[in-house]
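Numbers here are sequence positions counted from 1.
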Amino acid sequence: MGSLGKDAASAGERVVLAVNGVRREAAGVDPSTTLLEFLRTRTPVRGPKLGCGEGGCGACVVLISKYDPTTDEVTEFSASSCLTLVGSLNHCSVTTSEGIGNTRDGYHPVQQRLAGFHASQCGFCTPGMCMSIFSALVKADKPGAAGEPAPPPGFSKLTSCEAEHAVSGNLCRCTGYRPIVDACKSFAADVDLEDLGLNSFWKKGADRAEVGKLPEYSSGAVCTFPEFLKSEIKASVDNQTNNVPAAIAGEDGWYHPRSIQELHSLFDSNWFDEKSVKIVASNTGAGVYKDQDLYEKYIDIKGIPELSVINRSNKGVEIGAAVSISKAIEVFSDGTPVFRKIAGHLSKVASPFVRNTATVGGNVIMAQRLQFPSDIATVLLAAGSTVTIQTASKMLCLTLEEFLEQPPCDAKTILLNIFVPDWGSDNVIFETSRAAPRPFGNAVSYVNSAFLARTSGDAASGELIVDEICLAFGAYGVGHASRARKVEEFLKGKSVSASVILEAVRLLKDVISPSEGTTHPEYRVSLAVSFLFSFLSSLATDLDEPAKAITPNGISTNGTMNGNGASSLEKQSKVGSDDLPIRSRQELVFTEEYKPVGKPTTKAGAELQASGEAVYVDDIPSPKDCLYGAFIYSTHPHAHIKGVNFKSSLASKKVITVISAKDIPAGGRNIGSSFPGLGDEALFGDPVSEFAGQNIGVVIAETQKYAYMAAKQAVIEYSTENLEPPILTIEDAIQHDSYFHPPPFLAPKPIGDFEQGMSEADHKILSGEIPEVTQNVVADCLGIPYHNVRIITRRVGGGFGGKAMKGCHVACACAVAAFKLRRPVRMYLDRKTDMIMAGGRHPMKVKYSVGFKSDGTLTALHLDLGINAGISPDVSPALPSAIVGALKKYNWGALALDVKVCKTNVSSKSAMRGPGDVQGCFIAEAIIEHVASALAADTNTVRRKNLHGFESLTKFYGDAAGEASTYSLVEIFDKLASSPEYRTRAAAVERFNGGSRWKKRGISCVPITYEVRLRPTPGKVSIMNDGSIAVEVGGVEIGQGLYTKVKQMTAYGLAELCSDADGLLDKVRVIQADTLSMIQGGFTGGSTTSETSCEAVRLSCATLVERLKPIKESLESKSGAPAPWKALITQATMASVNLSAQAYWTPDPAFVKYINYGAAVSEVEIDVLTGGTTILRSDLVYDCGQSLNPAVDLGQVEGAFVQGVGFFTNEEYTTNADGLVVNDGTWTYKIPTVDTIPKQLNVELLTSARDKKRVLSSKASGEPPLLMAASVHCAMREAIRAARKDFSASSPLTFQMDVPATMADVKELCGLDVVERHLQSLSSAAAGPNAGVKA
């Protein structure tokens, strides 16, 4: 059989596919090439982006279409192009965001509505969002059954609920999702358009919302499968000879067997080797278990008919192993209650675009072979499924339980199908549950479970007797899903009561035993207990609980009760909080005074971003002879690097060279980043690696994939001889006096007399992104003048400061490699390396002593603060002043500080959006809540009492306090916390908690202050001969709307010369930042870049107005009419007037800083059984001054708030014992998604008093609103406090709740044993004289 592959190759053909209607051949590509790689390197397509390479972010989503010539039907589905292999797509059609609409052919309504609803900020992921929505529309608008009603004109058949789910797998770091959901809902036939948020199609509150005002939508307008490809497919079918097997090999290294027999022929061939041959159906497993080496050959098993069977009978459903999860959901949805519950659970596995290609069999095989924490295996196990497998010698039929318990099967063992029996509808109860950080899926479960019981009624007592029962649990930290046999045996033949459940729980705790190294082991055991308790309670006649107990925030329950017994879950079938639709309200004030400044104009380039035509760095075509790099990094925190070798592998053969510190040219320095005045960080660890994650070298290869794979083959030799142990923690640093010392101008100053303040207290609590910098650093690294380095930056995707300094390392590494090799070098970090390099926010340790009076008035605070800065200063020395700046929102009376910025052997920490301020805000709230708890006082009363008056504000903030008329915090706080509505809601929360045992709510109002600093900024305005205008600023567009505001300011600044300011707006183009053209550009950060850039542009415009005004007046005096803009510029050109003006704006030395104010009320619901949190509502009021663009500022407020929600609730930045980040990708690091944002999000932009010192009286909006997310954390604390009151008299109501407060943390604070304690009390009551107490 050795020649089989080669012989068949002659019958094979190259992969042919259509990309946006154009025929493409995948000729000469590596067999491991993904569709994304093919699109981005072999076609002009740039819309799909590489965000994670794991199928976890949605940036690469495309629409794939397949044609069946026998039925003449086209099937379309969304897919992750980063996981889909191009070799598996012969005769498929691929549609990307450019293919549905673009600049040349016109934009698609999806793209136009995303832009019009202000749903794109940085825009990097918008094409993927666009394709997820488009795919949902294509699916919804498929021709239905005859007689199915058509949707109203302009709408789709999509429902509002489906619209929210359409982007459930797409991540957005910018917008906060609300406007994206609104854009998607605008297509839904059941939407009330009046409910949709701010948009450019109608003026909210003034105009009627009508579908006719939206860009017109009609289904089927985009051809997803071209006719030429249909013809080719028909021709290839006609040419096939029935007696000759279909081509099973191709010149591209792909084999496509058409039967099990052909597959085994391949297995038997002499070239088959598990290490170099990969068997694939969809390749989505590569998102979880990354390929560690290249493969030479691929065997695609999707074409084997036996693996795609779907058979239904009265006995059950048989599903082929290669059937997609989405198709399985479709099959099970149209069945008995048990099947429908299976479908419901499967719809929470992965995300829509992964489920469309991932196979049921692949998921089960990963569970069996690789211990993947599968939901599917657990659910099918409980349903009594059987599997058919084909080994090298025989076919076997096993129960799923037997299959999972076998040793991991080898690559030659093929799962053929899965059979799920039909349990009928008589007296069968089936329930599935999962606890995960995201309700809609796209997150692995902490624990999943599925329970099936058949019951009978006892005629005498009316009780249900358990006849049969299956209890399956998975994902809790063991090899695979398993049944709790001991518990099942115990329950058989019994009627369920509190004492029976208690004993079942005790038995279960012996069974559920997470293996060593599992995160949150006690929490997982507690979850399993909660799931069992919830299920068994529904079988007990005297336990009326817990109703829908397991729903919020990733806790999804699929429960059904059939037959005679009535389930408590059905009795109380109210909508779970997770199923509430997303709603919003925006209150904005628009001003015409400085038009078009102040108008909510659509973000510049939003449609370009949606179509995928907006160019980001990696979209620039590679130059000729370009090489690619990937970092090799240390995994040891402090060690000599003795050498770097490579394993013997296919990938290591692709290494061209390794660049390291020795390749830095003479005269250059080993420098990777530098913040002026604060310190440097080395580019390479040489000769000692100083932290785990430090760059040791750069592997250079011919493609980015080869470089990635080759870097994985590196083996670093370490030695710790004569080295001190690493310093990893704040405690270690303090012990070794390892500190960075902030320069005096950055050190926060004490306020007042702390000792006197403490003496006055009645009570005391004592407790023990930067182009110019990149230019400079690259030049220093190479030892060349700055003018020989040019950094050009058009736009940045998802830039929130987290990589402000880290990007320099990549630029320097490329520069050193290019300098040595004399060839262009580019690098695109893979997600894992990127996460390891980014460093994360600063870990902190806080101790405080606070004095306060009996009425809650604060008298003194001493703060003892340790900050883990990592190995280099980065911007860490600036953090203490930011922390204290946010902390000073309250009048502490006197403030004393002991701040230590610790130098440790971990990666240097990043200045991520709101650095220091967000931690300072949290610290302030933790202390205030401690004080309120100690006094048994209302927290908001203590907050309000200690808000500054203007006098104390000036004492704490100095000149930044500004004029008294601009101090709006008290007004904002009273508007929210002292309103009748707040009191009504607080009373409703109290009532809810009094009547609900297993769900608790909390509500909290948090004020914020945020001090910003104005920086000198350049701007340049040039008017072209045709009247169009080019503008340059030092800042970079990172999604914050900088270019949009600058365009508006340009039009305003020149409005004196042109009566049509809006027309002028269309003539303005802001061009990319260029360090040789716009020097002293400074950095984009600190939230003030937009306003200072606008002011520099306004000054430039003023110069031009001064030059052009005499010509305008001359023209008008001759004609007696306003001078047309074009005529004015023509005349000026002829008169040799300089039409370019540049300004370098510097702030008034007396007004360098000002304070931003805001407050937020958040109401949450926690699930005591699982720790899940649902944010029911958040109301934000933010003082935006006179907004330069209310639409942009609203987007900043919402996006920052939701990003803050992630920081406070879910984003765990976990490291191993050596300080190396382990939550290093989308599988483990969970940012907010559309299903974790507030169910109702209301925002008011407050227009505060004018202040001529600020730019047109505007204020910053980029970072300050993030702090308002502390209201969610505080509301969670209130809800937990309510639970602790209920469940344990001994639990103190003052407790420490760290950030982030994850599901595990919430559950632990509520009590890991609440179920047992509750059952114990019920059992005791039932055994005593008062038996029969209601639960």
### Message
My understanding is that only residues two or more places apart in sequence, or in another chain, count here; which of them pass side-chain hydrogen bond (donor to acceptor under 3.5 Å, both in side chains) with Thr1214?
### Response
Asn1223
## Note on the structure
Applying side chain to side chain contact (heavy atoms under 4.5 Å, CB included) to Ala443 and not counting sequence neighbours gives Ala436, Pro437, Arg438, Lys1230
Taking distance alone, no hydrogens or angles, what donor-acceptor pairs closer than 3.5 Å link side-chain atoms of residues 504-513 to residues at least two apart or in another chain?
residue	atom	partner	partner atom	Å
Arg506	NH2	Gln1320	OE1	3.0
Lys509	NZ	Glu1316	OE2	2.6

#### Entry: With Ser1178 via side chain to side chain contact (heavy atoms under 4.5 Å, CB included) - residues at least two apart
Ser1162, Ile1175, Leu1180, Phe1201, Pro1238, Leu1241, Val1272
### Ring-face cation of Arg483 near Phe473 (centre distance under 6.0 Å, axis angle within 45°)
no
### Query
Is a side-chain N or O of Trp892 found less than 3.5 angstrom from the main chain of Leu887, in a donor-acceptor match?
yes
### Task
Please identify each residue that fulfils ring-ring contact (aromatic ring centres under 6.0 Å, His included) with Phe973, with sequence neighbours left out.
none
### Task
Considering only NZ, NE, NH1 and NH2 on the basic side and carboxylate oxygens on the acidic side, decide whether Asp974 and Arg944 come within less than 4.0 Å.
yes
### Task
For Arg585, enumerate each residue passing the side-chain hydrogen bond (donor to acceptor under 3.5 Å, both in side chains) test, keeping only those at least two apart in sequence or located in another chain.
Glu587
#### Entry: Selection residues 1204-1213 - residue pairs positive for salt bridge (Lys or Arg N to Asp or Glu O under 4.0 Å), sequence neighbours left out
Arg173-Glu1211
### Message
Before you tell me yes or no, could you show the steps for His763 and Lys853 under side-chain contact (heavy atoms from CB on, under 4.5 Å), namely the whole-Å CA-CA distance, both residues' side-chain angles and the distance that decides it to 0.1 Å?
### Response
CA-CA 6 Å; His763 307 269; Lys853 295 196 174 279; over 6 Å; no
### Message
Is the terminal nitrogen or CZ of Arg841 (NZ for Lys, CZ for Arg) located under 6.0 angstrom from the six-membered ring centre of Phe1207 and within 45° of that ring's axis?
### Response
yes
#### Entry: Results of side chain to side chain contact (heavy atoms under 4.5 Å, CB included) for Asp1305 - residues two or more places apart only
Thr1302
### Query
Parallel under 30°, tilted from 30 to 60°, perpendicular over 60°: which one fits the rings of Phe451 and Phe535?
tilted
### Query
Hey, what's the ring geometry for His930 with Tyr848, parallel, tilted or perpendicular (30° and 60° as the breaks)?
perpendicular
### Task
Decide, yes or no, whether a salt bridge links Glu925 with Arg943 under the criterion of side-chain N to carboxylate O below 4.0 Å.
yes
### Message
Against the six-membered ring of Phe490, is Lys494 placed for a cation-pi contact (under 6.0 Å from the centre, within 45° of the normal)?
### Response
yes
### Query
For Pro843, what residues pass the side chain to side chain contact (heavy atoms under 4.5 Å, CB included) criterion, not counting sequence neighbours?
Asn868, Lys909
### Task
Under the ring-ring contact (aromatic ring centres under 6.0 Å, His included) rule, collect the residues that match up with Phe922, sequence neighbours excluded.
His1273
#### Entry: Residue that, paired with Asp1286, satisfies salt bridge (charged side-chain N to carboxylate O under 4.0 Å, His left out) out of Arg997, Lys1000, Arg1317, Arg1281
Lys1000
### Partner residues of Tyr1213 under the side-chain hydrogen bond (donor to acceptor under 3.5 Å, both in side chains) criterion, sequence neighbours left out
none
### Task
Scan for salt bridge (Lys or Arg N to Asp or Glu O under 4.0 Å) pairs involving residues 511-534, sequence neighbours excluded, and state none if there are none.
none
